[in-house]
Amino acid sequence: MKKFIKKMIPHAVALGLFGAAGVIQAAVNVQCPGDLNGDGDYTDVEIGETAPAGDVKCMHLVAGDGFANMSDGNPLYIFGYADITGTAPENAIADGILAADWPGPSIVLDEGQEFYLSLTNVGTVIRPDLFDAHTIHFHGFPNASAVFDGVPEVSIAVNMGASLTYYYNVVEPGTYIYHCHVEATEHMEMGMLANLYVHAGQDKRGYDVNRDGTIDAGELAATQGTRKGGAPGNPMGYAYNDGDGTTAYDREQALQISSFDSRFHDASLFVQPLPFAALEGDYPQINGRGYPDTVKASDGMGPPVDNTTAVDGHAPGKVTGIPGEILNNGDLSQEIGSLVEVTQGENLLLRLSNVGLDRFYTLTAPGLTMKVVGTGARQMRGITGKNLYRETASVNFGGGETNDVMIDTTDIAPGTYFLHAAEFHQMSNLTQMDGGMMTEIVVKAPTL
């Protein structure tokens, strides 16, 4: 009977909010050029859709709630985003309930694209007493209009049951993040954070070797370096439009470091005062997981479950009262792994972002030399054009900061290396026996 009631919750909430499916369709309004059926995807040739002119990308996210499992089996209540691009508008609310991902879906763009990002607020089914609005803030990106910035004081916040489409003219490459800017400390601590990065236009057009503002035929032939159909031996891409090829990479990996305060999440779940002043993360993570979950494939994580044993004072089955009960309607909530694999001789680009709210973090990779080529989505270059890259054994950065870090594996022996927090207590989650902010970089021997 309990399981039946839980399965009915999404439908009951949807009906309570909107009354009927026809009203849901009217409320969920996704804008995307060339999209005829409102699902945020213009590739359905069966209904006559055709790609719009220019380089256009569309995406439809929902904002809601759910659960995520920490590496010690402790489920924490979260707010988050989920990608429902391709879902019919009349199904968006039902499919988006309890679908929150931690971190949110990665957004990967190309310089020169027009990006239409629709956000639908499906509400918080676990906390039906909340009516929080949500936004998307493209952190560090120069918006053409403040209305799309996601800061509620100067733009639009999306109320429960409503939708808004953000428009971005993607003109600057680099590593960014996105997050909710409504009640920012609460919503970000609860999990409304995600990776976002922009590939440089130089990937497709080659680069201006002499930096004279034009790319001639010789430069184009010598430096094409595109990810799509480039000549053998060309890099996968460039971190920036460097003009000299110094930010070329063969593999890239986005790693977002963060930390959850379990007391804060439990207080939200059990409708208690939120301990803002005492905020202190006790679950350090990379891409929403603690080691060894960081190196698992997405399907290796499985859906979150109610803990079956007591964890640091938490009673078994603390969420539902049923130890082992599957949460989130069985959907995965932590789909982004952090295992880094590279072949010896390749250049590795790590797109590092810190979204922790309470401290700076320092990442180190013993045995590997890291070279910082960009910070804050800006190439490290002086006003005279001199590259100001720096080699380092560790990267220290605070919340909201991003770093583009290159690792040249040419002289690195094949094997497994670790990227981890420099402060050892951050390599565990809550208890000493469970992993925290650590992942593996596997350097494979080249095939002959």
Side-chain angles (χ1 to χ4, degrees), residues 7-54 56-66 79-101 104-107 109 113-126 128 130-138 147-148 150 155-168 178 180 182 192 194 328-333 335:
K7 289 180 180 179
M8 290 300 294
I9 285 176
H11 305 289
V13 172
L15 290 173
L17 286 172
F18 306 109
V23 180
I24 294 175
Q25 186 169 1
V28 178
N29 182 21
V30 177
Q31 300 178 59
C32 174
D35 174 27
L36 300 181
N37 60 3
D39 66 355
D41 182 359
Y42 53 69
T43 62
D44 191 348
V45 296
E46 293 184 5
I47 61 172
E49 292 180 342
T50 57
V56 174
K57 182 169 182 175
C58 300
M59 199 169 182
H60 184 194
L61 301 182
V62 292
D65 62 351
F79 300 162
Y81 301 105
D83 185 2
I84 62 165
T85 307
T87 299
E90 61 268 23
N91 298 325
I93 299 293
D95 288 358
I97 286 176
L98 291 179
D101 286 333
S106 295
I107 296 177
L109 303 170
Q113 282 184 324
E114 294 183 82
F115 183 42
Y116 293 80
L117 177 59
S118 297
L119 176 66
T120 298
N121 184 346
V122 302
T124 49
V125 66
I126 303 299
L130 297 178
F131 295 88
D132 289 11
H134 294 297
T135 66
I136 290 177
H137 174 62
F138 195 151
V147 71
F148 298 122
S155 60
I156 301 172
V158 183
N159 288 323
M160 189 167 62
S163 301
L164 173 69
T165 297
Y166 296 84
Y167 170 79
Y168 306 97
Y178 74 92
C180 180
V182 178
M192 303 197 79
N328 288 8
N329 293 323
D331 292 335
L332 298 178
S333 61
E335 301 191 51

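In this text the structure is predicted, and so the values were computed from the model without any measurement.
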With no hydrogens and no angle check, is any side-chain donor or acceptor of [X] less than 3.5 Å from a backbone partner on [Y]?
{"X": "Asp35", "Y": "Gly40", "value": "yes"}
{"X": "Asp83", "Y": "Pro105", "value": "no"}
{"X": "Asn121", "Y": "Val158", "value": "yes"}
{"X": "Tyr81", "Y": "Cys180", "value": "yes"}
{"X": "Asp65", "Y": "Val125", "value": "yes"}

To the nearest 0.5 angstrom, please state how far the [atom1] atom of [X] sits from the [atom2] atom of [Y].
{"X": "Leu109", "Y": "Met59", "atom1": "CG", "atom2": "CE", "value": "8.5 Å"}
{"X": "Tyr116", "Y": "Cys32", "atom1": "OH", "atom2": "SG", "value": "8.5 Å"}
{"X": "Thr85", "Y": "Leu117", "atom1": "OG1", "atom2": "CG", "value": "8.5 Å"}
{"X": "Glu90", "Y": "Asp39", "atom1": "CD", "atom2": "CG", "value": "9.5 Å"}
{"X": "Asn37", "Y": "Glu46", "atom1": "CG", "atom2": "CD", "value": "10.5 Å"}
{"X": "Ile93", "Y": "Met160", "atom1": "CD1", "atom2": "CE", "value": "9.5 Å"}

Pair Leu98, Ile126 - check side-chain contact (heavy atoms from CB on, under 4.5 Å), show working. CA-CA 8 Å; Leu98 291 179; Ile126 303 299; 3.9 Å; yes

What is the minimum heavy-atom distance between [X] and [Y], and which atoms define it?
{"X": "Ala82", "Y": "Asp101", "answer": "CA-OD2, 4.0 Å"}
{"X": "Val56", "Y": "Ala53", "answer": "CG2-O, 3.8 Å"}
{"X": "Ile47", "Y": "Leu36", "answer": "O-CD1, 3.5 Å"}
{"X": "Ala63", "Y": "Met192", "answer": "CB-CE, 3.7 Å"}
{"X": "Ser333", "Y": "Ala100", "answer": "CB-O, 3.5 Å"}
{"X": "Ala157", "Y": "Val182", "answer": "CB-CG2, 4.1 Å"}

Look at the aromatic rings of Tyr168 and Phe138 and report parallel, tilted or perpendicular, splitting at 30° and 60°. perpendicular

4.5 Å side-chain heavy-atom contact, Leu61 and Tyr178: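 In short, these two side chains touch, coming nearer than 4.5 Å.
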
Do Cys58 and Pro33 come close enough that some side-chain heavy atom pair is under 4.5 Å?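 SC-SC contact between Cys58 and Pro33 confirmed.
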
Any residue meeting side chain to side chain donor-acceptor pair (under 3.5 Å) with Ser118, in chain and number order, not counting sequence neighbours: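 Checked Ser118 against side chain to side chain donor-acceptor pair (under 3.5 Å); matches are Thr165.
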
Does a donor on one side chain and an acceptor on the other come within less than 3.5 Å for Thr120 and His60? yes

If the condition is ring pair (Phe, Tyr, Trp, His ring centres under 6.0 Å), which residues does Tyr166 pass it with, not counting sequence neighbours? none

